[in-house]
Amino acid sequence: MNFKDSIELLIGLAAIAGFIYKASLLESKVYQTIDSSEDKINEKINQLNKKFEVHVTSYSAKKEMQDYLISAFNEKYDHKFNRCWSEIKILKNDNK
């Protein structure tokens with residue numbers, strides 16, 4: 001093996017080593033990007049879960065308030081109806 005072949009062999013090996021190094025850098029950047037994307041996605045999911053929990057809490061509070069208002073209206077309506085009905089009965093009895 002002469003000097004020229006040795007140099008070509010060393011340059012070839014250096015090129016292969018450089019390619020492997022660049023490929024490993026690219027791979028590490030890909031994995032870092034995936035990890036950072038995963039963290040961002042998890043953070044966004046957590047934010048959406050918190051917003052959803054707030055919405056559900058707000059909805060249940062509004063629903064409970066509406067139930068109280070409907071119940072109060074029903075009680076008021078029943079009271080007015082019963083009072084009116086008893087007055088009608090009294091008027092009927094007075095007319096007889």
Side-chain angles (χ1 to χ4, degrees):
M1 186 181 262
N2 62 17
F3 184 70
K4 180 183 174 190
D5 291 338
S6 298
I7 295 288
E8 286 177 356
L9 181 64
L10 287 175
I11 290 174
L13 289 175
I16 291 173
F19 176 75
I20 291 172
Y21 176 73
K22 287 287 187 175
S24 66
L25 283 179
L26 180 63
E27 181 184 18
S28 68
K29 286 182 182 179
V30 167
Y31 284 126
Q32 287 174 354
T33 304
I34 290 172
D35 288 341
S36 67
S37 297
E38 181 182 0
D39 292 341
K40 289 177 184 177
I41 290 171
N42 285 336
E43 182 179 330
K44 187 68 174 175
I45 289 172
N46 288 336
Q47 288 175 354
L48 290 173
N49 280 337
K50 288 177 185 178
K51 286 181 181 180
F52 180 72
E53 288 173 4
V54 167
H55 174 71
V56 168
T57 304
S58 174
Y59 171 78
S60 63
K62 288 178 182 178
K63 185 178 183 307
E64 186 176 354
M65 181 57 85
Q66 289 174 354
D67 289 342
Y68 285 142
L69 291 172
I70 290 170
S71 176
F73 175 75
N74 285 337
E75 288 179 16
K76 187 176 181 180
Y77 177 78
D78 288 342
H79 173 72
K80 297 284 185 181
F81 178 77
N82 289 337
R83 187 170 174 192
C84 181
W85 188 253
S86 64
E87 288 180 10
I88 290 172
K89 284 182 182 179
I90 291 171
L91 290 173
K92 274 185 170 181
N93 288 336
D94 286 344
N95 287 339
K96 286 185 180 182

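- Separation of atoms CG (Asn93) and NZ (Lys89) is listed at 9.0 Å; rounding is to 0.5 Å.
- Rounded to the nearest 0.5 angstrom, Lys51 NZ and Gln47 CD are separated by 6.5 Å.
- Note that CD1 of Ile90 and CH2 of Trp85 are 13.0 Å apart. Values are rounded to the nearest 0.5 Å.
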CA sep, side-chain torsions, deciding dist, call: Ser71, Glu75, side chain to side chain contact (heavy atoms under 4.5 Å, CB included): CA-CA 6 Å; Ser71 176; Glu75 288 179 16; 3.7 Å; yes
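- With contacts defined as side-chain heavy-atom distances shorter than 4.5 Å, the pair Leu9/Asp5 does not qualify.
- Ring planes of His55 and Phe52: tilted class, angle from 30 to 60°.
- Within the 3.5 Å criterion, the main-chain N or O of Val56 finds a donor-acceptor partner in the side chain of Ser60.
- Between Glu64 atom CD and Leu69 atom CG the span is 11.0 Å, to the nearest 0.5 Å.
- Taking CG of Asn2 as the reference point, atom CD of Glu8 lies at 8.5 Å (rounded to 0.5 Å).
- Both Phe3 and Ile11 are members of a single hydrophobic cluster when ILVMFWY side chains are connected at heavy-atom separations under 4.5 Å.
- The line from CD of Glu43 to CD1 of Ile45 is 11.0 Å long, rounded to the nearest 0.5 Å.
- In terms of modelled atom types and a separation under 3.5 Å, the side chain of Ser37 and the main chain of Thr33 share a donor-acceptor contact.
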